[in-house]
Amino acid sequence: MAHVFQPFDLERIMSRWENVVEYNLSESGVHPVTLAELAAYDSTLVQRMLEIELGYGVANGSLALREAIAQWYPGTTPDNVLVTVGCAEANFLVFTTLLQAGDSVAIQVPNYLQGWGLAHNLGAVRMTFRLDPDRGWALDEEQLRQAVTDATKLVAVCNPNNPTGHIMTLAEMDAVVRVAERRGAWLLTDEVYAGAERETDTFTPTFYGRYDRVLAAGSLSKAYGLPGLRIGWVVGPVEMIDQLWARHEYLSISTAKLSNHLLAPIALSRQVRPALLDRTRQYIRRGWSVFEAWADEHADVVSVVPPQAAAIAFPRYHLAIDSITLTDRLIHDASVLVAPGDHFGIPHHLRVSYGLEHAYLREGLNRIAAVLRRTAEEKGTASKVADAAI
Ligand SMILES: Cc1ncc(COP(=O)(O)O)c(C=O)c1O
């Protein structure tokens, strides 16, 4: 049977529309940091930028950057770190290194479905386990146990979770580790939203160090507000990092030198990192109050579990329309982009970003409400959510 390529639906809709619509509420990070904001932390930065030679950066990440990353992962050295083009490359390398056709992978749902599509394109067998919407997106441990078998090579989670903002309890983390360990499976933990907590200033703990086959991925894109630097990383055992690096050489060789050698080490330094995380949390906390008031006002058509982290809410809507058609209406009737729940594996939900400037956020939300109300009049309401999309 011919193997049909599965595109990454979420990124396709975003790259097609995010620069076309008037209100982009599809991003999962906060309003980005400017270069001037970064330069304000380091008076020598501009001069050093002017003087830097724009050759290739160190392929696996400059020593300064790998040191800056390793300091935040207890028990690691720079040899445990590979610097990648965003967390997207880190995830790509892990999936393509660990999975071959016929191998089994267990993937948490809802999720950023990069791994879901990659696994299909590699010919792997995909199993899922879910976060349960009826229990505030808590981990369904029974499903987890069923999804991980002797054939499982890889278990993949995203914590804090995209799109729900759920942060696993330590008991949930232990359950994930136990299940992977029992089968000797690798555990990929996408921790790109760690540091973007809404209710606490405690940085979400990493899975790294809880089991010897953990690969913890992260980046500067979300919690640090610096997606344009295109800097991500994966932290893991040295031999596995070397295998990932061997694939990185095929794919991207190295990250951009300005980011790799100059800007990213500053962002992750002991002085600057806390300020960037604080900035992100302020955006999230202030934006949430706007979003929450909006959701309360429209409680007859939307309901939401308050997210614990990330600049995104994942409201369920009570309308008789699927999420892809509804998103399409929002684009064409209101010039607003959000992300449809089906692209995270959950129907009848939308992912809406709120870590934005308030006037922009308010107008985007007003436009969404107008479309929801028109749709309710036309199509009626629906209280039952269809079964999981995947
Ligand atoms: C969970 C998750 N992982 C990885 C990425 C990719 O991020 P980047 O490559 O910008 O680090 C995203 C982006 O939205 C994401 O939500």
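Just follow the structure's listing: the first ligand is 1, and inside any ligand the first atom is 1.
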Original post:
What is the nearest protein non-hydrogen atom to atom 5 (C) of ligand 1, stated with its residue, atom name and distance?
Top reply: Y112 CE2, 3.5 Å
Subject >> Taking atom 14 (O) of ligand 1 as the reference point, the nearest protein heavy atom with its distance >> reply: K222 NZ, 2.8 Å
**OP:** Give a yes or no on whether a salt bridge exists between E191 and K222, defined as a side-chain N under 4.0 angstrom from a carboxylate O.
**Re:** no
Original post:
Would you say the side-chain atoms of T375 pair up with the backbone N or O of V371, donor to acceptor, closer than 3.5 Å?
Top reply: yes
Original post:
Is R373 salt-bridged to D300, going by a charged N under 4.0 Å from an acidic O?
Top reply: yes
Subject >> Salt bridge flag under 4.0 Å for residues R367 and E363 >> reply: yes
**OP:** Please confirm whether R362 makes a cation-pi placement over W294, using NZ or CZ under 6.0 Å from the six-membered ring centre and within 45° of the ring normal.
**Re:** no
Original post:
Going by an N to O cut-off under 4.0 Å, is there a salt bridge joining R285 and D201?
Top reply: yes
**OP:** Mark up the atoms of ligand 1 that fall under 4.0 Å of a heavy atom belonging to C158, in ascending order.
**Re:** 1 (C)
Original post:
Can you tell me if R230 has a non-hydrogen atom under 4.0 Å from ligand 1?
Top reply: yes
Subject >> Contacting atoms of ligand 1, where contact means under 4.0 angstrom from a heavy atom of S28 >> reply: 14 (O)
Subject >> Polar atom proximity, V85 to ligand 1 (N or O, under 3.5 Å) >> reply: no
Subject >> Interfacing atoms of ligand 1 (cut-off 4.0 Å, heavy-atom, S219) >> reply: 11 (O)
**OP:** State the atoms of ligand 1, each with its element, that fall below the 4.0 Å cut-off from a heavy-atom position in Y193.
**Re:** 1 (C), 14 (O), 15 (C), 16 (O)
Subject >> Shortest protein heavy-atom distance from atom 3 (N) of ligand 1, along with the residue and atom involved >> reply: D190 OD2, 2.6 Å
Original post:
Are any of the heavy atoms in G232 under 4.0 Å away from ligand 1?
Top reply: no
**OP:** Kindly determine whether K257 and E53 satisfy salt bridge (Lys or Arg N to Asp or Glu O under 4.0 Å), including the steps that lead there.
**Re:** CA-CA 9 Å; K257 190 166 176 189; E53 288 180 353; 5.3 Å; no
Original post:
Centres of the Y112 and F344 rings: under 6.0 Å?
Top reply: no
Original post:
Taking all non-hydrogen atoms of both residues, which atom of Y283 and which atom of G355 are closest, and how far apart?
Top reply: CD2-O, 3.6 Å
Original post:
Would you say R351 and ligand 1 have an N/O pair spaced under 3.5 Å apart?
Top reply: no
Original post:
Purely on distance, is any nitrogen or oxygen of S221 under 3.5 Å from one on ligand 1?
Top reply: yes
Original post:
Quick check: does A88 get an N/O under 3.5 Å from an N/O on ligand 1?
Top reply: yes
